[in-house]
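Per chain, numbering begins at 1; letters A, B, ... match sequence-line order. The structure presented is a predicted model; accordingly, all values stated were derived computationally and were not measured.
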Amino acid sequence: TGLCRKKQLAEAKLVLVEMSEMGINPNVMTYSVLIHGLCSQGQIEDAKLMMQDMVHLGLAPNVVTYTALIGGFCIERRVEEAFGLFDEMVQQGIDPNKYTYCTLLDGLCKVGKLEEAVQFFRRLQGQAFDDNVVAYNILISGFCKVGFMNKATRLLVEIIQKGLEPDEITYNTLIDGFCKVGRIEDAKSLLIDMERQGLRPNDITYNTLMVGLIKVGDLEHALHLAQEMVGKQTQPDAITHSILTSGMCQAGRFQDAENLLLSYGR
RNA sequence: GACUCAAAUCUUACCAG
């Protein structure tokens, strides 16, 4: 009963709720899925109402329900309210977990409150929050977004010093950061580091680097990377094609761009 | 008994701001 398909039809979920009145009772999981669906569509107010509904039905929101709703507020950049909910859940005796903390961390980063995010993170480290790579990734992404590559790099060093293992997302995030500030050589050497660590660059890694290369006018290298992808596990995807097409247009090679589009259509 | 199963982090464009 609780396994609704998400991602597909957020509005149809409302219908599902009504249908479940015909004999099938929604449970906490059902509501959590729906709330998450509404939140990711920016329907935060509806999500709030839905949480009230479930309470009225005698269903108690759990950590997943709260985290989903907290994430919704973060998407809307309403971080204050997100923390308000966080306080509320703690008062209800519900223990936040790493998902909850990471959601809040990301919320702080996305509104540019990086120092607060770091403070929050450090405070959590002192408590029951095991070091986890996702939290580091969130902070790294935050610093990369504003071009503070020195701070971002320092966090990567810290991950390694703690004996944790950076993952593909860690590297992808840093590569994007270096590309965005035009430090393409640093980005390239991170790709090498990544492979040296035994990590497989994925489609996002390549796409990210290609954007950087095109930005500094090195379309040729970007095209080579696309060739390289084919030889590996990862395949160029729709985003790859969009990047390359736009790169060709920027280089004035409209005919090549058109050919690429046509070949993609086959 | 184990596994994926409701919530967190990375790339282009679009949308929103």
With a cut-off of less than 4.0 Å, is there a side-chain N or O of A/Lys180 near OP1 or OP2 of B/U12? yes
Whether over 12 other heavy atoms sit under 6.0 Å from A/Phe148 CZ: no
Is any side-chain N of the basic residue among A/Glu195 and A/Lys232 closer than 4.0 Å to the acidic one's carboxylate O? yes
Sidechain-backbone polar pair: A/Lys215 side chain, A/Lys180 backbone, donor-acceptor under 3.5 Å: yes
Does the pair A/Glu76/A/Lys48 count as a salt bridge with the N-to-O cut at 4.0 Å? no
I want to verify a distance call: between B/A8, B/U12, B/C10, whose nearest atom is closest to the A/Val134 side chain? B/A8
Nearest to the side chain of A/Lys145 - B/A6, B/A8, B/U11? B/U11
Checking all strands, does A/Asn62 fall into the base, sugar-phosphate, or nothing category for heavy-atom contacts under 4.0 angstrom? base
A/Thr103 has its side chain closest, among B/U11, B/A8, B/A6, to B/A8
Starting at atom CD1 of A/Ile243, determine the distance to atom C1' of B/U12, rounded to an integer number of angstrom. 4 Å
Any donor-acceptor N/O pair under 3.5 Å between B/A7 base and A/Asn97 side chain: yes
On the nucleotide B/C10, are OP1 or OP2 found under 4.0 Å from the side-chain N or O atoms that A/Lys110 carries? yes
Once you round it to whole Å, what is the distance between P of B/C10 and CZ of A/Phe143? 16 Å
For the side chain of A/Ile239, counting heavy atoms from C-beta on, which of B/U11, B/A8, B/A7 is nearest? B/U11
Could you tell me which residues satisfy ring pair (Phe, Tyr, Trp, His ring centres under 6.0 Å) with A/Phe73, sequence neighbours excluded, listed by chain and number? none
Starting at atom CD1 of A/Ile44, determine the distance to atom C1' of B/A16, rounded to an integer number of angstrom. 16 Å
Options B/A6, B/U9, B/C10, nucleotide nearest the side-chain atoms of A/Ile138: B/U9
note: A/Tyr136, atom OH; B/C10, atom P; distance rounded to Å ~ 18 Å
Could you tell me how far apart A/Leu225 (CG) and B/U11 (P) are, to the nearest whole angstrom? 18 Å
What nucleotide, of B/A8, B/A6, B/C10, holds the atom closest to the side chain of A/Asn172? B/C10
Can you tell me how far P in B/C5 sits from the matching atom in B/U9, rounded to whole Å? 15 Å
Shortest side-chain distance from A/Ser242, nucleotide among B/A8, B/U12, B/U11: B/U12
Taking the side chain of A/Ser32 as heavy atoms from C-beta outward, which of B/A8, B/U12, B/A6 is closest to it? B/A6
Selection from B/A8, B/U9, B/C10 that lies nearest to any side-chain heavy atom of A/Tyr99: B/A8
Could you work out which one of B/C10, B/A8, B/A6 sits closest to the side chain of A/Asn132? B/A8
Residue-phosphate contact under 4.0 Å: A/His36 side-chain N/O, B/A8 OP1/OP2: yes
Output the rounded distance in Å from CG (A/Leu174) to C1' (B/U11). 14 Å
Euclidean distance, atom CD of residue A/Glu76 to atom P of B/G17 [Å, nearest integer]: 11 Å
What is the distance from CD1 of A/Ile140 to C1' of B/U11, rounded to the nearest Å? 16 Å
Under a 4.0 Å threshold between the charged nitrogen and the carboxylate oxygen, would A/Arg122 count as salt-bridged to A/Glu158? yes
Determine whether any donor atom in the side chain of A/Thr208 lies under 3.5 Å from an acceptor atom in the base of B/U11, or the reverse, and answer yes or no. no
